[in-house]
Amino acid sequence: MRRMTARPANAHQARLLRLLRDGGPSSRAQLGDRVDLSRSKLAVEVDRLLETGLVVADGLAASRGGRRSHNIRLAPQLRFLGIDIGATSVDVAVTNAELEVLGHINQPMDVREGPVAVFEQALDMAGKLRATGLAEGFDGAGVGVPGPVRFPEGVPVAPPIMPGWDGFPVREALSQELGCPVMVDNDVNLMAMGEQHAGVARSVGDFLCVKIGTGIGCGIVVGGEVHRGTTGSAGDIGHIQAVPDGRPCPCGNRGCLEAHFSGAALARDATEAAQQGRSPELAARLQASGALSAVDVAAAAAAGDATALDLIREGGARTGQVIAGLVSFFNPGLVVIGGGVTGLGHNLLAAIRTQVYRQSLPLATGNLPIVLGELGPTAGVIGAARLISDHLFSPV
């Protein structure tokens with residue numbers, strides 16, 4: 001398979017590549033407005049990038065007086081693969097160098113089947129996308145997994161909902177299979193990067209991105225960069241205690257937020273409510289399908305079911321309690337709520353907002369938007385593509 005062999009030779013070239021990735025085709029003059037380089041130094045660096053084939057001339061730029069110059073853009077044949085592994089599904093997408101999604105597949109999957117089975121499925125999905133003619137091969141791949149990752153090595157570390165994954169060399173194994181560089185991160189960090197690149201957080205430097213799916217995690221973006229912490233476990237808020245001496249959690253502790261509100265916890269509580277006769281709507285859905293999920297709770301709430309609404313409000317209040325602590329500590333400019341459970345919509349958002357605005361100080365919340373993510377399931381794969389492009393668009 002083809003791979004990107006050239007890399008930026010210095011920080012100036014890396015900066016230019018990222019500007020072209022994030023802003024699209026630009027003239028030399030426009031690039032000059034955004035970098036601290038003399039015109040002659042800028043011309044040298046752009047010419048060197050043109051020689052590498054990483055960028056190409058792309059038509060004449062708009063005139064700013066004098067002779068018109070050519071626009072510069074990233075090489076149109078560059079292709080990145082984004083793989084976003086959740087607890088119950090996997091998303092695979094192909095993007096161009098500007099991180100526009102060219103093709104995207106989603107399939108159900110159980111992460112508990114282990115890394116070999118999951119990556120076999122993901123690679124099969126990547127092969128299907130390649131077979132459509134979207135890509136001859138991949139210049140790099142980004143991968144998200146629903147658990148803590150030792151970032152430099154690309155290795156999951158004791159992930160609570162991922163039996164069999166501890167220490168699995170994801171980066172090394174996939175790089176060998178795909179024949180290209182691979183970077184691995186926690187899935188919620190990639191969601192944050194996706195929303196930052198193309199979603200609701202485009203103009204925000206400091207924000208929190210909370211993913212509520214089968215579990216709960218938080219991407220922390222500081223000064224436009226993901227903060228991973230010393231070992232890569234920053235943002236693991238699902239295991240902050242929300243209820244003293246509460247329910248047992250798979251991590252071994254009790255009362256974790258994730259044990260009381262997440263996709264899995266909500267399904268369990270909804271099933272219990274249906275079986276105990278507290279919700280005719282949920283009981284009917286349980287009888288029809290044999291199992292309940294957040295989708296059923298959302299539908300029951302939309303139909304006016306009081307028990308379903310109570311489950312959403314209680315879960316939102318507990319989540320808001322934890323987020324309020326994060327807001328008081330971090331003082332973000334935005335809080336983004338994403339993940340599968342966001343199908344609960346504005347009932348969930350209202351409960352989270354109420355708790356945060358009530359509990360945090362006015363200075364922290366006075367101008368704090370708490371919003372749903374814009375990108376849905378594409379946030380993770382765009383973030384994965386951005387992750388690998390950040391790596392490839394860095395000096396060797």
Testing the basics here: between [X] and [Y], what is the closest heavy-atom pair and its distance to 0.1 Å?
X	Y	value
Ala158	Asp166	N-OD1, 2.8 Å
Leu54	Ala6	CD2-O, 3.9 Å
Val101	Ala93	CG1-CB, 4.2 Å
Gly154	Val184	CA-CB, 3.8 Å
Gly103	Leu129	C-CD2, 3.8 Å
Ile105	Lys128	CD1-CB, 4.1 Å

Counting distance only, does the side-chain N/O of [X] pair as donor-acceptor with the main-chain N or O of [Y] below 3.5 Å?
X	Y	value
Tyr357	Pro362	no
Arg79	Asn96	no
Arg171	Met183	no
Arg268	Ala259	yes
Arg247	Ala265	no
Thr88	Gly86	no
Ser26	Leu31	no

(Q) Is it the case that over 12 heavy atoms from other parts of the model lie below 6.0 angstrom from the CD atom of Gln287? (A)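 Count not over threshold, so no.
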
So do the side chains of [X] and [Y] get within less than 4.5 Å of each other, counting heavy atoms only?
X	Y	value
Ile370	Ile337	yes
Arg130	Glu136	no
Cys180	Asp139	no
Leu311	Leu266	yes
Gln13	Phe393	no
Cys251	Cys256	yes
Val341	Ser262	no
Ile85	Trp165	yes

Q. Would Glu45 and Lys41 pass as an ion pair if we require N to O under 4.0 Å?
A.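 Salt bridge present between Glu45 and Lys41.
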
(Q) Less than 4.0 angstrom from a charged side-chain N to a carboxylate O is my criterion; do Arg150 and Glu153 meet it? (A) yes

Once you round to the nearest 0.5 Å, how far does [atom1] of [X] lie from [atom2] of [Y]?
X	Y	atom1	atom2	result
Gln107	Ser89	CD	OG	10.0 Å
Thr230	Phe151	OG1	CZ	14.0 Å
Phe80	Ile382	CZ	CD1	13.5 Å
Leu349	Ile312	CG	CD1	12.0 Å
Arg278	Asp269	CZ	CG	8.0 Å
Leu78	Leu17	CG	CG	9.5 Å

**Q.** Stepwise side chain to side chain contact (heavy atoms under 4.5 Å, CB included) check, Asp84 with Val145
**A.** CA-CA 7 Å; Asp84 184 22; Val145 297; over 6 Å; no

Spell out, yes or no, whether [X] and [Y] are grouped together once hydrophobic residues are joined by side-chain heavy atoms under 4.5 Å, including indirect joins.
X	Y	result
Ile237	Val226	no
Leu174	Met109	yes
Val188	Ile240	no
Val336	Val356	no

Q: Taking atom types as modelled, find out whether His104 and Asp91 have a side-chain donor-acceptor pair closer than 3.5 angstrom.
A: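 A donor-acceptor contact under 3.5 Å links the two side chains.
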
Q | Ser27 side chain to Asn71 side chain, donor-acceptor N/O pair below 3.5 angstrom | A | no

Q: Show the numbers, then the answer: is there a side chain to side chain contact (heavy atoms under 4.5 Å, CB included) between His239 and Asn253?
A: CA-CA 8 Å; His239 300 287; Asn253 293 318; 5.7 Å; no

Q. Pick from Glu314, Arg318, Gln241: which one makes a side chain to side chain contact (heavy atoms under 4.5 Å, CB included) with His260?
A.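 Of the listed options, the one satisfying the test is Arg318.
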
Q. Mind checking whether Phe168 and Phe119 have parallel, tilted or perpendicular rings, split at 30° and 60°?
A.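 Ring orientation, 0 to 90° scale: parallel.
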
Under 3.5 Å donor-acceptor pairs involving side-chain atoms of residues 189-217, not counting sequence neighbours:
unit_1: Asn189; atom_1: ND2; unit_2: Asp185; atom_2: OD1; d: 3.0
unit_1: Glu195; atom_1: OE1; unit_2: Val200; atom_2: N; d: 3.0
unit_1: Glu195; atom_1: OE1; unit_2: Glu374; atom_2: N; d: 3.3
unit_1: Glu195; atom_1: OE2; unit_2: Glu374; atom_2: N; d: 3.0
unit_1: Glu195; atom_1: OE2; unit_2: Leu375; atom_2: N; d: 3.1
unit_1: Gln196; atom_1: NE2; unit_2: Gly224; atom_2: O; d: 2.8
unit_1: His197; atom_1: ND1; unit_2: Asp22; atom_2: OD1; d: 3.4
unit_1: His197; atom_1: ND1; unit_2: Arg386; atom_2: NH1; d: 3.4
unit_1: His197; atom_1: NE2; unit_2: Glu98; atom_2: O; d: 3.4
unit_1: Arg202; atom_1: NH1; unit_2: Ala198; atom_2: O; d: 2.7
unit_1: Arg202; atom_1: NH1; unit_2: Gly199; atom_2: O; d: 2.9
unit_1: Asp206; atom_1: OD1; unit_2: Gly223; atom_2: N; d: 2.7
unit_1: Lys211; atom_1: NZ; unit_2: Asp187; atom_2: OD2; d: 2.9

Q | Pairwise side-chain hydrogen bond (donor to acceptor under 3.5 Å, both in side chains) hits with a residue in residues 387-396, at least two apart | A | Arg18-Ser394, Arg21-Ser389, Arg21-Asp390

Q) How would you list, by chain and number, every residue that makes a side-chain hydrogen bond (donor to acceptor under 3.5 Å, both in side chains) with Arg112, sequence neighbours excluded? A)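 Applying side-chain hydrogen bond (donor to acceptor under 3.5 Å, both in side chains) to Arg112 gives Asp110.
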
Q: Would you please name every residue forming a side chain to side chain contact (heavy atoms under 4.5 Å, CB included) with Ala317, sequence neighbours left out?
A: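 Only Gln355 meet the side chain to side chain contact (heavy atoms under 4.5 Å, CB included) criterion with Ala317.
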
Q: Mind checking side chain to side chain contact (heavy atoms under 4.5 Å, CB included) for Asp47 and listing every partner two or more places apart, or none if nothing turns up?
A: Arg28, Leu50

Donor-acceptor pairs under 3.5 Å, side chain of residues 319-330 to any protein atom, not counting sequence neighbours: which ones?
unit_1: Thr319; atom_1: OG1; unit_2: Gly315; atom_2: O; d: 2.9
unit_1: Ser328; atom_1: OG; unit_2: Ala324; atom_2: O; d: 3.1

